[in-house]
Structure formats: structure tokens, C-alpha cells
Student: 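So that we are looking at the same thing, I have put the structure below in C-alpha cells.
In listed order, ligands and their atoms are each counted from 1. Hydrogens, waters and symmetry mates are skipped; everything else that's a heavy atom, side chains included, is used. Numbers for residues simply follow the sequence, beginning at 1.
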Amino acid sequence: MHSTLAKALIAAATTAIVATGTAKAAPENAGPNKATTQLPFQSQTVARFDLPWAIAVIDADRLIVTTKPGRMYLVDHKGGEPVEVSGLPKVAHSGQNGLLDVALAPDFAESRRIYFTYVEPGYGGSSLVLARATLAEPQGEARLDGLEVIWRQMPKGKGGQPGGIIAFAPDGKSLFLTSGDRMRPQTAQDPDLALGKVLHLTLDGKPAPGNPMSDAGGVRAETWTTGHRNPYGLAFASDGRLWLHEMGPKGGDELNLIEPGVNYGWPEVSYGDNYNGTPIPKPPTRPEFQEPALYWTPVIAPAGLAFYEGDLFPAWKGAALIGGLKTQTLSRVTIKGDAAHEDERFAMEGRIRDVAVAPDGAVWVIEDASPGRLLRLSPR
Ligand SMILES: [Ca+2]
């Protein structure tokens, strides 16, 4: 290209980026980070479960644990054995599918209501569903009352990578739900399929008012963001911004800042490539898609996301804690503006499936294994 023309084009492009105000720093690849075995915490094994999937903290001592095969437990780490919760629905447990996330309703202290996700069996395949129920604890027992499915992925179909993470809005008036691509990549770009999306729903599972396509009806009215692969982490930071991580294919795990109406590019662009080796265009080649804030190549297989605001680990305040299934690690990621940096990666002894922070500042993690341990992390 003629050098004068090239300079003019670069100047024009620079002007355009500055003018739109959307210029963002190139994402950082956290891949080469090595896990440290110099751990600032001790791990207390509180219980063991068959394939635990998610944890929800009730208070400093008590948690709810789900297992992928379809069981739910109440745990009191100062009490006895975990108490199994009865009244669970039948789940389609196979591969990555099964009983998934659990979260306390914003008014749990009064209502005792919980929300949870699972893969529901049916003709022609299965579907991700969002359900809610009331947790009753009569005389040392535990059961779900008033179970209702409030959102259902339709049509049913095959495939893993269900997503299924629940995050309530900071005002407690709506919720966000991740939906994976069920191993059918092109669905993530189909605006009429609730696959590869983040949905924004009312507490009754209906499209939340004010969504980017709220007038369009159907799946479009439920959709907050588009173009995700398999998001197993979704959480609000203390500043009220929503963050998500998702597993890439061969390379290209992502941490994304979630903003309404944005398309995050899967499967059109990725810092990873297909498992069969065929390349996928890199995000800078398609500026209409939002780049991640951070990506991991090689992958960590991120699972579980919690922002640390406790007092036991003062150096971690405001950081995102992210489990790694493949790397058997716990990552501490610092966020500054729209950029993210993986500050530390702690070597754990198993595949970390979920992370939570208790009100006393302790960090809780579970392992993806059978048996998989529930661990309470506190300073050495
Ligand atoms: Ca992406």
C-alpha cells in the first residue's frame, strides 16, 4: 500500500476509534501463568459428595450444595453430616448435564426461596430449565416445597455445555441466566434460540422489562447478550458491573464484561481454534464483536466466579476468584476499568468446579470429582 495512503487510513481509523469512545485495550492472555504452591490459605475438608456442581452460601456456617447426578444437600460446617434435601425433580444426568447451579433468592431470609437450574429430560433431547422452590427444614430434615419451573429452553435437543449460572441483579428485582450452546456452535448467533446467550429475566422467569430487544417477543425479548459458548461463571462486582467467563474451544477461555445488547462473537471469532485443528478467526478481525477482557491460551477451563469482598484475605479485596477445572487451580483476577489481569494462580489438589465467599470472609470451593471435596479456605 502507498505509504501516504496507509498513513491517512491509520489516521482516519484512529480518529474513528477516539470519536466513538469504544476503544479498549487489547485483551491480555493469562495462559502462560504458572500456578504457585505457596498457598496463603489452609484448606479444611468439610464434606465429600458425588460430583458436586455448585455451592450457595446461606451464612458463615451453612451452605447448599448441588451434585450433578441430581442431589442437593444442606451443610453446616460446625454441625454433623450433610442433610440431603428431598423433593428434587428428575434431571437428565449425562456427561456435562445434570443438576447445575443454585442461588438464594434476594429475599431468602424471609421467603426461604431458592432458585436452581438443571437439565430436564424429555422427548427429542433435554433442555436447560430454571426452577424455584421454598426450602423447608422441619425437625432436622430438609425438603423443597412448591417447586415450579419458571423458564424452559425450547425446543429440547442434545449436547452438553449447558451453562446454567444464575446471578441476581444488585437491586434484587431481576436475574441473569447463562445458557450454553449445547455443543451446537451456530445456535449462539441465532437470535431465536435460547442457546449461547445471557438472558435477563424477572423473578418469575419472564422477559425483564427494558431488555435490548424487549419489543421483539420470544427468545429475543429475554436476551441480554449473544455469542457465548459455555459460561460457567457469572457474578456482579461490588461496583455493579456484571462479569462472565466462558470456556473456549482448543484455547481461548474468556473473561467478559457483560453489557446489554453486545455480541461476544462465538463461534465466529475466538482466541482458540477448533478441536479438529481448523482455525477460527481471531477477534480483532471482526470488530463488530466484543473482545474479551482477558483470555486464557492454554485454557484453564474456568468454572465458578465470585468477587471477594471479605476481611480474611485483605489483599484479595475486589478480586475475581475463578476455579480452573483443567488446571486444578484457583485464580485471582484483578479488574481495573475494562481490563483484567490474572495476579495469582493457586495450585489445588483437584478440578475446581465452584467458588463462593462466606460473610465471614472464608472462601469455599468444591472439586469436580467423585468423591469431590467441599473445602473451606482460611488464612494460614
Ligand atoms: Ca468471545
Student: Taking the six-membered ring of Tyr264 as reference, does the NZ or CZ atom of Arg229 fall below 6.0 Å from its centre and within a 45° cone about the axis?
Tutor: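 The answer is no; the distance or angle limit is not met.
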Student: For Val363, which fellow cluster members are found when Ile, Leu, Val, Met, Phe, Trp and Tyr are connected by side-chain heavy-atom distances below 4.5 angstrom, either directly or through intermediates?
Tutor: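 Once heavy-atom contacts under 4.5 Å are chained together, Val363 belongs with Leu39, Phe41, Tyr308, Leu312, Phe313, Trp316, Leu321, Leu330, Phe346, Met348, Ile352, Val355, Val357, Val365, Leu375, Leu377.
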Student: Please answer whether the main-chain N or O of Leu195 pairs with a side-chain N or O of Lys197 as donor and acceptor at a distance below 3.5 Å.
Tutor: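 A pair under 3.5 Å: yes.
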Student: Do the rings of His200 and Phe176 sit parallel, tilted or perpendicular, given the 30° and 60° boundaries?
Tutor: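 If you compare the ring of His200 with that of Phe176, the planes turn out parallel.
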Student: Salt-bridged, Lys250 to Asp273, with N to O below 4.0 Å?
Tutor: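 Salt bridge: no.
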Student: Give every protein N, O or S atom lying under 3.0 Å from the Ca ion (ligand 1), naming each by residue and atom.
Tutor: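 For the Ca ion (ligand 1), the protein N, O and S atoms that sit under 3.0 Å away are Glu254 OE1, Glu254 OE2, Tyr264 O.
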Student: Between His245 and Trp296, is the ring centroid distance below 6.0 Å?
Tutor: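 For His245 and Trp296, the ring centres are not under 6.0 Å apart.
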